[in-house]
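Read the structure below first, then the notes.
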Amino acid sequence: MLKEYYTVREIIGPLMLVENVQGVKYEELVEIELPNGEVRNGKVLEVNQDKALIQLFQGATGLNVRSTKIRFLGKGVEIPLSPDILGRIFNGQGKPIDKGPAILPEVKRDINGSPINPFARDYPEEFIQTGFATIDGLNTLVRGQKLPIFSGSGLPHNQMAAQIARQAKVLSASEKFAVVFAAMGITFGEANYFIEDFKRTGALERTVLFINLADDPAIERIATPRMALTTAEYLAYDLNMHVLVIMTDMTNYCEALREVSAARKEIPGRRGYPGYLYTDLSSIYERAGRIKGRKGSITQIPILTMPEDDKTHPIPDLTGYITEGQIVLSRTLHRKGIYPPVDVLQSLSRLKDKGIGTGKTREDHSDIFNQLFAAYARGLEARELEVILGEAALSEMDRLYYKFADEFEEKYIRQSEYEDRTIEFTLNLGWELLSMLPRMELKRIRPEFLDKYLPKFVKK
């Protein structure tokens with residue numbers, strides 16, 4: 001029998017202070033019963049001797065300090081899990097919102113899982129194909145990696161997220177692959193876009209979708225990525241699947257964290273965010289990876305919008321420290337109408353060298369990447385020189401690299417929202433572009449690869 005308390009001391013915003021409690025634990029779930037019989041939920045944020053601070057899930061409207069009944073449930077937030085969760089849509093509390101039946105759980109798991117022990121980690125070294133040339137060819141995603149997308153307000157990160165969820169795959173047909181998609185603080189229109197897109201393209205069959213809307217409680221937004229990651233851990237380590245977790249938008253998550261921190265009157269850190277923001281983000285990001293002796297794996301693509309496109313803002317800054325690289329979206333390319341507007345020179349996948357090459361993608365992948373990167377960088381330098389000094393100041397070679405940069409953006413970076421490029425197509429496209437340059441300029445490609453591949457693409 002659960003003990004009931006009528007000892008609410010005060011209610012401030014989304015927080016409630018209860019006195020004279022016994023045996024209450026941090027993160028414990030709470031039921032709040034109103035005088036009219038309505039039951040709401042909350043979670044213990046802090047315990048100090050006989051006092052407990054509770055975060056309300058549904059807000060404080062209608063609560064009465066004297067007549068509100070409190071029950072501590074003796075457990076944390078749990079999510080019911082079974083293989084039937086694939087193809088289902090849930091809210092940030094893990095409740096189905098797709099009008100389907102309730103999940104009959106094989107297991108229930110606490111959403112506050114632990115980061116993977118570094119000693120138990122297996123090194124990420126297997127290629128995941130996203131269908132984007134700018135990612136697969138130049139900033140390769142490796143199974144078990146954390147590779148965030150740094151976007152900005154108004155940039156097409158939602159379209160990219162949906163496209164990656166549709167197209168991502170491991171090249172081995174025998175491997176079971178699933179996507180867990182967590183959307184936090186999004187509008188109803190954005191939620192509808194994701195749901196309808198996944199249904200129309202058939203991607204929903206292998207996807208578990210968690211939707212937290214902008215008008216949902218902040219505490220639910222904080223729980224959403226943990227719901228998604230607990231689901232991913234079940235699929236990966238219980239069902240031996242390779243799971244890609246896409247989380248958008250981590251900026252909304254951090255704003256919710258700041259809101260709760262301000263309500264608790266905590267001393268703020270940089271730009272008002274709590275001082276433990278780094279620790280909190282790492283507890284999410286570090287739940288990705290591969291475990292020795294386990295077949296399944298979790299790969300993460302967190303997406304965040306940089307306030308005012310500022311990479312030094314605490315959210316992208318701390319995310320960059322924890323994760324293994326970043327895909328940066330360019331407002332300049334977006335204004336040109338290029339999709340996806342990936343800034344190749346600003347982007348980086350620190351594990352790309354481990355996931356490419358013979359037996360993974362193709363033997364020439366590394367050389368192709370290095371040469372394309374160098375040629376595009378020189379083309380952008382020629383473009384800047386032309387703006388400052390005029391076209392007459394450019395040498396013949398400068399003009400050639402200028403043209404290469406234009407072709408690279410139009411053919412390699414630009415692709416349609418429903419274009420799924422294979423790695424073979426992406427590598428051949430790189431050779432086709434490099435064939436514009438004299439062979440003597442291709443100094444970053446080994447001679448044996450030049451002899452093998454270049455003649456196929458040189459126009460006679």
Side-chain angles (χ1 to χ4, degrees), residues 25-28 43 75-83 85 94 105-128 140-148 168 170 175-180 182 208 210 222-247 250 253-254 257 274-302 304 315 317-326 348-355 360:
K25 299 178 181 65
Y26 174 66
E27 295 280 354
E28 188 173 340
K43 183 177 75 170
K75 61 180 181 179
V77 182
E78 294 179 332
I79 181 169
L81 297 167
S82 82
I85 57 177
E106 285 190 355
V107 293
K108 284 188 176 182
R109 295 268 166 83
D110 192 308
I111 66 168
N112 295 296
S114 301
I116 299 172
N117 185 328
F119 184 75
R121 283 184 180 276
D122 212 354
Y123 204 87
E125 55 181 10
E126 295 162 283
F127 172 67
I128 289 182
T140 311
L141 178 65
V142 182
R143 192 187 298 172
Q145 184 180 7
K146 312 174 282 289
L147 186 63
V170 290
E175 305 285 8
K176 293 186 290 183
F177 192 80
V179 176
V180 177
V208 186
F210 290 88
I222 293 171
T224 303
R226 292 175 171 83
M227 290 274 180
L229 286 164
T230 304
T231 300
E233 287 163 356
Y234 170 75
L235 294 173
Y237 306 131
D238 288 42
L239 303 185
N240 296 320
M241 302 182 80
H242 297 294
V243 185
L244 176 63
V245 181
I246 301 173
M247 299 183 291
M250 290 304 294
Y253 168 84
C254 294
L257 208 62
Y276 50 81
L277 181 61
Y278 179 90
T279 308
D280 192 276
L281 286 174
S282 66
S283 72
I284 292 175
Y285 297 146
E286 293 296 348
R287 289 173 73 175
R290 299 171 62 212
I291 298 177
K292 293 174 184 174
R294 298 287 187 95
K295 191 175 179 183
S297 64
I298 298 175
T299 307
Q300 270 189 28
I301 299 183
L304 57 91
I315 302 171
D317 187 31
L318 297 178
T319 295
Y321 277 117
I322 302 165
T323 55
E324 293 113 12
Q326 66 278 331
L348 169 69
S349 171
R350 294 191 182 97
L351 298 180
K352 64 180 179 295
D353 292 331
K354 304 297 179 183
K360 296 174 183 176

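Note that these values count all heavy atoms, side chains included, but never hydrogens, waters or copies made by symmetry.
Evaluated for a salt bridge (Lys or Arg N to Asp or Glu O under 4.0 Å) with K43, the options E78, E28, E27 yield exactly one hit, E27. A side-chain contact (heavy atoms from CB on, under 4.5 Å) with I111 holds for exactly one of L229, T224, V77, T231; it is V77.
Atoms CG and NE2, on L235 and H242 in that order, are 12.5 Å from each other to the nearest 0.5 Å. In this structure, CD1 in I298 is found 14.5 Å from CD in Q145, a value given to the nearest 0.5 Å. Going from atom CD1 of I301 over to atom CD1 of I128 covers 7.5 Å, rounded to the nearest 0.5 Å. Interatomic distance, CZ of R143 versus CG of L351, reported as 14.0 Å (0.5 Å rounding). In this structure, OG in S297 is found 10.5 Å from CG in N240, a value given to the nearest 0.5 Å. For the atom pair CZ (R350) and CD (Q326), the distance works out to 6.0 Å, reported to the nearest 0.5 Å.
At a threshold of 4.5 Å between non-hydrogen side-chain atoms, the residues L281 and C254 count as touching. Counting heavy atoms from C-beta on, the side chains of I85 and I79 never come closer than 4.5 Å. Side-chain contact between K295 and K176 is absent, with no heavy atoms from C-beta onward closer than 4.5 Å. The closest side-chain heavy-atom distance from F127 to V142 is not below 4.5 Å. Counting only heavy atoms from C-beta outward, the side chains of E106 and Y234 approach each other to under 4.5 Å.
Of the possible polar contacts, none joining the S349 side chain to the L141 backbone as a donor-acceptor pair under 3.5 Å is found. The main-chain N or O of Y123 is found under 3.5 Å from a side-chain atom of R290 such that the two form a donor-acceptor pair.
Annotation for A288 and I116: closest pair O-CD1, 3.5 Å, computed over non-hydrogen atoms. Across F119 and N117, no two heavy atoms sit closer than the pair N-OD1, 2.9 Å. Nearest heavy-atom pair across I322 and S282 is CD1-N, 3.6 Å. Residue G325 comes nearest to L147 through the heavy atom pair C-CD1, 3.9 Å, listed as atom of the first residue, atom of the second, then distance. The two residues T299 and G144 have their closest heavy-atom pair at OG1-N, 2.8 Å. G296 and Y237 make their closest contact through O-CE2, 4.0 Å (heavy atoms, listed as atom of the first residue, atom of the second, distance).
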Before you tell me yes or no, could you show the steps for V179 and V243 under side chain to side chain contact (heavy atoms under 4.5 Å, CB included), namely the whole-Å CA-CA distance, both residues' side-chain angles and the distance that decides it to 0.1 Å? CA-CA 6 Å; V179 176; V243 185; over 6 Å; no

Verify side chain to side chain contact (heavy atoms under 4.5 Å, CB included) between L81 and D238, making sure each step is shown before the conclusion.
-> CA-CA 10 Å; L81 297 167; D238 288 42; over 6 Å; no

inquiry  = For E126 and K360: C-alpha separation, side-chain torsions, deciding distance, then whether salt bridge (Lys or Arg N to Asp or Glu O under 4.0 Å) applies.
reply    = CA-CA 7 Å; E126 295 162 283; K360 296 174 183 176; over 6 Å; no

Practice prompt. Check step by step if side chain to side chain donor-acceptor pair (under 3.5 Å) holds for T230 and R287.
Written response: CA-CA 9 Å; T230 304; R287 289 173 73 175; 3.0 Å; yes

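Scanning for side chain to side chain contact (heavy atoms under 4.5 Å, CB included) contacts around D110 gives N112, with sequence neighbours left out. Applying the ring pair (Phe, Tyr, Trp, His ring centres under 6.0 Å) criterion to F210, with sequence neighbours excluded, gives F90. Shown here are the salt bridge (charged side-chain N to carboxylate O under 4.0 Å, His left out) partners of E324, two or more places apart in sequence or in another chain: K146.
For Y276, the OH atom is densely surrounded, since the number of other residues' heavy atoms within 6.0 Å is greater than 12.
T319 and Y285 are linked by a side-chain donor-acceptor pair at a separation below 3.5 angstrom, with hydrogens and angles left out of the test.
By the 4.0 Å N-to-carboxylate-O rule, D280 lies close enough to R226 to be salt-bridged with it. Taking the charged nitrogens against the carboxylate oxygens, E233 and R294 have no contact shorter than 4.0 Å, which rules out a salt bridge.
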